[in-house]
Amino acid sequence: MQIILASQSPRRRQLLELCGLSFSVRTAPCEEASISQKIRSQTAHLDAYRQADHLTKALSREKALSVFRSFPSDVVIGADTVVVSGDRILEKPGDPKEAEEMLLSLCGITHRVYTGVTLLAPSYDHTFSSFATVEFFKDSPAMRHIICAYLRSGSPMDKAGAYGIQDFGSLMVKSIQGDFYTVVGLPVGLLYQKLLEIPQIHLQTDLQRR
């Protein structure tokens, strides 16, 4: 029984490596945009926080299922992350202009970052979510300088809310409450606890080997 990460995210891959886990990476086509639109429509009556919780869990499940269908004897991990600011759910920006708008809108604002995770294995099916609260520094010449440099790097384009707390985006962060790794994109502590619930998996041996 091998562990498979159903994500191309280099950040999630690095986090699993830090945990000492042996795993492979597989991705399959998953219509994220259409799924997101459907979930948002179905949960439009909820506030943005509950909507984000539903959205990240649904997307993580679809990602995991898209791989698990081809590897039903293994453990598959799917994950999805969004940023919630006020009544807005911020996913990945569509272009640099949208990325800039997202970052400027977060200046001086306390927002939440949600990550949903799905674990699928023989006789095991579990989906959960985690969130952390992040505060950006207020808008200022320094913040404008950081945002401009960050946009030039291209890094915001593959990240929910257009920033990563683990890279240059950390310079915009004033404080964080909650699990740092949830903001990065995978709550590894909680994930490891859930992995230990799966029968016939021997994570401690893998960890000791590292």
Side-chain angles (χ1 to χ4, degrees), residues 3-13 15-16 23-72 74-103 105-106 111-121 124-132 134 151 154-165 169 181-187 190-191 194:
I3 296 174
I4 301 174
L5 175 63
S7 173
Q8 293 181 336
S9 167
R11 297 166 295 282
R12 294 189 180 113
R13 188 181 308 131
L15 289 178
L16 287 185
F23 66 96
S24 61
V25 176
R26 298 282 189 279
T27 57
C30 178
E31 297 296 330
E32 291 188 47
S34 61
I35 295 170
S36 176
Q37 184 177 14
K38 179 181 178 181
I39 297 301
R40 284 185 183 234
S41 176
Q42 292 174 341
T43 59
H45 62 289
L46 302 175
D47 62 55
Y49 293 143
R50 288 187 291 169
Q51 193 174 19
D53 181 70
H54 281 278
L55 179 61
T56 55
K57 287 192 286 190
L59 285 170
S60 74
R61 184 170 184 79
E62 287 300 321
K63 292 176 183 179
L65 279 171
S66 68
V67 173
F68 189 66
R69 292 186 184 101
S70 299
F71 299 91
D74 295 313
V75 179
V76 178
I77 303 170
D80 187 75
T81 302
V82 300
V83 170
V84 184
S85 178
D87 60 354
R88 297 179 63 198
I89 294 178
L90 307 180
E91 299 182 72
K92 296 174 184 177
D95 54 51
K97 183 177 180 180
E98 185 179 10
E100 180 180 23
E101 186 276 327
M102 285 184 181
L103 293 173
S105 73
L106 293 174
H111 56 275
R112 285 186 184 181
V113 181
Y114 280 81
T115 293
V117 180
T118 293
L119 278 173
L120 297 177
Y124 189 88
D125 182 336
H126 186 65
T127 298
F128 63 93
S129 69
S130 173
F131 77 85
V134 181
L151 290 168
S155 185
M157 299 310 299
D158 69 337
K159 298 174 177 66
Y163 80 94
I165 198 170
Y181 297 108
T182 289
V183 184
V184 179
L186 197 65
L190 185 54
L191 171 63
K194 300 299 181 183

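Nearest approach of R26 to V67, heavy atoms of both residues: O-CG2, 3.5 Å. The two residues A132 and V183 come nearest to each other via the heavy atoms CB-CG2, 3.7 Å. Pairing each heavy atom of S7 with each of V25, the nearest pair is O-CG1, 3.1 Å. A pairwise comparison of heavy atoms in E62 and I35 identifies CG-CD1, 3.4 Å as the closest pair. Residues S60 and A79 approach most closely at CB-CA, 3.7 Å, considering heavy atoms. Among all heavy-atom pairs drawn from S130 and T182, the shortest one is OG-OG1, 2.8 Å.
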Quick one, R69 with L120, criterion side-chain contact (heavy atoms from CB on, under 4.5 Å). Give me CA distance, side-chain angles, the key distance, then yes/no. CA-CA 10 Å; R69 292 186 184 101; L120 297 177; over 6 Å; no
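Atom CZ in F128 sits 6.5 Å away from atom NZ in K194 (nearest 0.5 Å). Atom OG of S9 sits about 8.5 Å away from atom CG of L186, to the nearest 0.5 Å. Separation of atoms NE2 (H111) and OG (S105) is listed at 9.0 Å; rounding is to 0.5 Å. The distance from the CD atom of E100 to the CG atom of D95 is 10.5 Å, given to the nearest 0.5 Å. Between atom OG1 of residue T118 and atom CG of residue D125 there is a gap of 7.5 Å, rounded to the nearest 0.5 Å. Note that NE2 of H45 is 9.0 Å distant from CD of Q51, once rounded to the nearest 0.5 Å.
A heavy-atom distance below 4.5 Å is found between the side chains of L151 and L103. In this structure the side chain of M102 never reaches within 4.5 angstrom of the side chain of P156, judged on heavy atoms. Put simply, the side chain of L106 reaches to within 4.5 Å of the side chain of Y163, judged on heavy atoms. Side-chain contact between I77 and L16 is present, with heavy atoms from C-beta onward closer than 4.5 Å.
Around atom CD of Q42, more than 12 heavy atoms belonging to other residues, nucleotides or ligands sit under 6.0 Å away. Counting heavy atoms of neighbouring residues, nucleotides and ligands inside a 6.0 Å radius, atom CD of Q8 does not exceed 12 of them. No more than 12 heavy atoms of other residues, nucleotides or ligands shown are found within 6.0 angstrom of OH on Y181.
Under 4.0 Å is where a charged nitrogen must lie from a carboxylate oxygen, and between D47 and R50 at least one such pair does. A salt bridge links D158 with R11: at least one charged nitrogen is closer than 4.0 Å to a carboxylate oxygen.
Remark: of the listed residues K63, R61, K57, K63 is the sole one forming a side chain to side chain donor-acceptor pair (under 3.5 Å) with D80. A side-chain contact (heavy atoms from CB on, under 4.5 Å) with E91 is found for exactly one of L55, T81, V83, T56, namely L55.
Side chains of R12 and T115: a donor-acceptor N/O pair is absent below 3.5 angstrom, by distance only.
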